[in-house]
Amino acid sequence: MTELTELKPRIQLKIKPRIGLLAVTCFGVFFTVAKLVFQNDATIHTVKPLAFPATVVLSGNKMWESQALTDTVVQQSRQYDAVISGRRYRYRYQNIPLDIEMRYVVGTLGNVEGMIYNNTNLKLPMGKIFQTVRQQPGVGYYGLFAYKNQAYLSSCINPQGESTVSTEQFLHNRHIYNLRFRRLLPWLLGEESFFDRRCLWAHLSTPVNNSDYQSAYQRIEKAWFDCYRWWNPRFPKP
């Protein structure tokens with residue numbers, strides 16, 4: 001009996017810190033869940049538009065001109081795939097025109113076909129725009145298609161990780177790079193979004209001469225690889 005009496009204070013000393021730790025953990029979980037439920041994380045942070053440079057030099061392509069794109073919108077609550085700035089770059093590759101449209105997209109889920117449908121004149125059926133999706137090591141995924149004697153390539157340059165074209169690929173990148181302990185405190189303090197849903201959307205096009213689609217795709221792919229290498233390290237900070 002005496003031994004039990006002496007042991008009781010020791011047990012209490014061990015239990016009390018654990019109860020306190022459990023209470024703090026429960027509060028943290030409750031706060032996190034409440035924040036996820038009551039705040040629209042994709043749109044609560046206003047992102048500053050990107051000032052696209054007037055000149056971007058790509059290997060083997062002669063710069064012709066560039067101009068700002070006007071299909072931009074004002075960021076609003078509960079808004080997705082908002083294009084907040086953009087610029088068109090025009091090149092000549094062996095005297096063949098090549099256009100690269102760059103857009104800064106926020107609040108996105110990475111569906112590039114949806115971006116094409118909503119921001120270009122190419123009103124092709126949703127889900128059937130890309131005729132093929134390819135992957136290049138060190139670059140990522142990109143979609144190819146042809147329409148009215150033009151070859152197109154489109155892809156989303158991610159904040160971290162390689163480029164993507166689908167929602168599944170984009171969210172896979174976000175889960176890999178955003179679900180890290182070091183991002184938890186800035187998110188809880190409201191300094192950063194939990195998921196970084198930004199994208200530099202690249203949309204390239206070039207004419208198809210004499211029905212030579214293979215040459216057009218090769219030309220546009222080479223330009224895309226150079227474009228990715230230029231823009232990826234210059235992705236804007238949050």
Side-chain angles (χ1 to χ4, degrees), residues 50 52-53 55-67 69 83 86-105 108 110-170 172-173 198-235:
L50 173 63
F52 285 89
T55 303
V56 174
V57 179
L58 300 181
S59 175
N61 292 277
K62 184 179 179 181
M63 185 78 186
W64 182 13
E65 64 176 359
S66 75
Q67 62 188 72
L69 294 171
V83 177
R87 195 170 188 90
R88 176 185 292 111
Y89 299 89
R90 315 203 78 172
Y91 299 88
R92 285 193 177 277
Y93 179 81
Q94 297 178 352
N95 287 326
I96 301 175
L98 187 147
D99 286 2
I100 300 179
E101 296 179 357
M102 298 296 302
R103 293 174 174 86
Y104 191 25
V105 186
T108 185
N111 182 4
V112 176
E113 286 199 350
M115 298 178 197
I116 294 171
Y117 186 85
N118 293 319
N119 295 279
T120 73
N121 294 323
L122 306 173
K123 301 305 180 184
L124 297 168
M126 280 287 293
K128 298 181 179 180
I129 295 178
F130 291 139
Q131 294 164 357
T132 183
V133 173
R134 296 178 181 174
Q135 183 181 20
Q136 175 71 11
V139 175
Y141 294 94
Y142 57 95
L144 292 166
F145 65 100
Y147 181 71
K148 292 186 176 179
N149 212 38
Q150 287 276 121
Y152 294 89
L153 184 153
S154 215
S155 186
C156 169
I157 300 175
N158 284 215
Q160 304 92 18
E162 296 184 346
S163 64
T164 59
V165 296
S166 70
T167 296
E168 291 77 14
Q169 294 162 3
F170 183 81
H172 178 71
N173 266 1
R198 298 176 299 141
C199 164
L200 274 178
W201 170 34
H203 185 66
L204 292 70
S205 62
T206 191
V208 178
N209 296 328
N210 301 318
S211 298
D212 189 356
Y213 290 92
Q214 186 63 30
S215 294
Y217 283 146
Q218 289 177 352
R219 183 167 63 250
I220 207 170
E221 283 179 305
K222 183 180 183 303
W224 159 239
F225 300 151
D226 290 337
C227 175
Y228 180 86
R229 283 190 286 267
W230 198 93
W231 283 105
N232 184 52
R234 295 174 173 83
F235 199 101

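None of these values were measured; they are calculated from a predicted model.
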Asks: Is Met126 close to Asn111 at the side-chain level, that is, under 4.5 Å between some pair of heavy atoms?
Replies: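 A side-chain contact exists here, since the closest heavy-atom pair is under 4.5 Å.
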
Asks: Could you walk me through whether Leu153 and Glu221 satisfy the side chain to side chain contact (heavy atoms under 4.5 Å, CB included) test, starting with their C-alpha distance in whole Å, then the side-chain angles of each, then the deciding distance to 0.1 Å, before giving a yes or no?
Replies: CA-CA 7 Å; Leu153 184 153; Glu221 283 179 305; 4.1 Å; yes

Asks: Taking Gly143's backbone N and O only, do any of them form a donor-acceptor pair with Thr132's side chain (distance below 3.5 Å, no angle check)?
Replies: no

Asks: Quick one: do the Asn158 and Thr164 side chains pair a donor with an acceptor below 3.5 Å?
Replies: yes

Asks: Answer whether the closest heavy-atom distance between the side chains of Leu58 and Ile100 falls below 4.5 Å.
Replies: yes

Asks: Taking the side chain as everything from C-beta on, heavy atoms only, tell me whether Phe52 gets closer than 4.5 Å to Leu69.
Replies: no

Asks: From Cys199 SG over to Met115 CE, what is the distance, rounded to the nearest 0.5 angstrom?
Replies: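 Answer for the SG-CE pair, Cys199 versus Met115, is 4.0 Å.
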
Asks: Quick one: pull up CD1 in Ile157 and SG in Cys227 and give me the separation to the nearest 0.5 Å.
Replies: 5.0 Å

Asks: Taking all non-hydrogen atoms of both residues, which atom of Ala216 and which atom of Val208 are closest, and how far apart?
Replies: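 Here Ala216 and Val208 meet closest at CB-CG2, 4.0 Å.
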
Asks: Check step by step if side chain to side chain contact (heavy atoms under 4.5 Å, CB included) holds for Leu144 and Tyr213.
Replies: CA-CA 11 Å; Leu144 292 166; Tyr213 290 92; over 6 Å; no

Asks: Would Gln136 and Trp224 count as a side chain to side chain contact (heavy atoms under 4.5 Å, CB included) if you check the C-alpha gap in whole Å, the side-chain angles of each, and the deciding distance to 0.1 Å?
Replies: CA-CA 11 Å; Gln136 175 71 11; Trp224 159 239; 5.9 Å; no

Asks: Using the ring of Tyr91 (Phe, Tyr or Trp, six-membered ring only), decide whether Lys62 places NZ or CZ under 6.0 Å from its centre and within 45 degrees of its axis.
Replies: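 No, Lys62 does not lie over the aromatic ring of Tyr91.
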
Asks: Could you tell me whether the side chain of Gln214 reaches within less than 4.5 Å of the side chain of Asp212, counting heavy atoms only?
Replies: yes

Asks: Nearest 0.5 Å please: distance from the CD atom of Gln131 over to the CG atom of Leu124.
Replies: 8.5 Å

Asks: State whether the side chain of Arg219 and the backbone N or O of Pro207 hold a donor-acceptor pair below 3.5 Å, judged by distance alone.
Replies: yes

Asks: Would you find a donor on one side and an acceptor on the other, under 3.5 Å apart, between the side chain of Asn61 and the backbone of Ser59?
Replies: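 Flag set: sc Asn61 to bb Ser59 pair under 3.5 Å.
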
Asks: Under the side chain to side chain contact (heavy atoms under 4.5 Å, CB included) criterion, do Trp201 and Thr108 qualify, and how do the steps go?
Replies: CA-CA 10 Å; Trp201 170 34; Thr108 185; over 6 Å; no

Asks: Please round to the nearest 0.5 Å and tell me the distance separating atom CG of Asp99 and atom OG of Ser66.
Replies: 11.5 Å

Asks: Kindly compute the distance separating CZ (Arg198) from CD (Gln160), expressed to the nearest 0.5 Å.
Replies: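 Between atom CZ of Arg198 and atom CD of Gln160 there are 7.5 Å.
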
Asks: Quickly, which of Glu101, Met102, His203 forms a side-chain contact (heavy atoms from CB on, under 4.5 Å) with Arg88? Name it, please.
Replies: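 Single side-chain contact (heavy atoms from CB on, under 4.5 Å) partner of Arg88 among Glu101, Met102, His203: Glu101.
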
Asks: Please determine which of Phe130, Phe170, Tyr117 meets the side-chain contact (heavy atoms from CB on, under 4.5 Å) test together with Val112.
Replies: Phe130

Asks: Tell me whether the count of non-hydrogen atoms from other residues, nucleotides or ligands lying under 6.0 Å of OH in Tyr141 goes above 12.
Replies: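 Incorrect, the count does not exceed 12.
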
Asks: Heavy atoms, side chains only, cut-off 4.5 Å: are Leu200 and Leu50 in contact?
Replies: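 Result yes, sub-4.5 Å side-chain heavy-atom pair found.
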
Asks: Would you name the heavy atoms of Pro53 and Tyr89 that are closest together and state the gap between them?
Replies: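 Taking every non-hydrogen atom into account, O-OH, 2.6 Å.
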
Asks: Ignoring hydrogens and angles, tell me if any N or O in the side chain of Glu113 forms a donor-acceptor pair with the backbone of Ile129 under 3.5 Å.
Replies: yes

Asks: Mind checking whether Phe145 and Tyr152 have parallel, tilted or perpendicular rings, split at 30° and 60°?
Replies: parallel

Asks: For Ile220 and Ala151, which heavy atoms make the closest approach, and how far apart are they?
Replies: CD1-O, 3.4 Å

Asks: Could you give the distance from OH (Tyr147) to CD (Gln150), rounded to the nearest 0.5 Å?
Replies: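 The OH atom of Tyr147 sits 11.5 Å away from the CD atom of Gln150.
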
Asks: With a 3.5 Å distance limit and no angle check, can you tell me whether Ser163 reaches the backbone of Cys156 through a side-chain donor-acceptor pair?
Replies: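 Such a contact is absent between Ser163 side chain and Cys156 backbone.
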
Asks: Looking just at side-chain N and O atoms, do Glu162 and Tyr228 make a donor-acceptor pair shorter than 3.5 Å?
Replies: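 Note: Glu162 and Tyr228 side chains miss the donor-acceptor criterion.
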
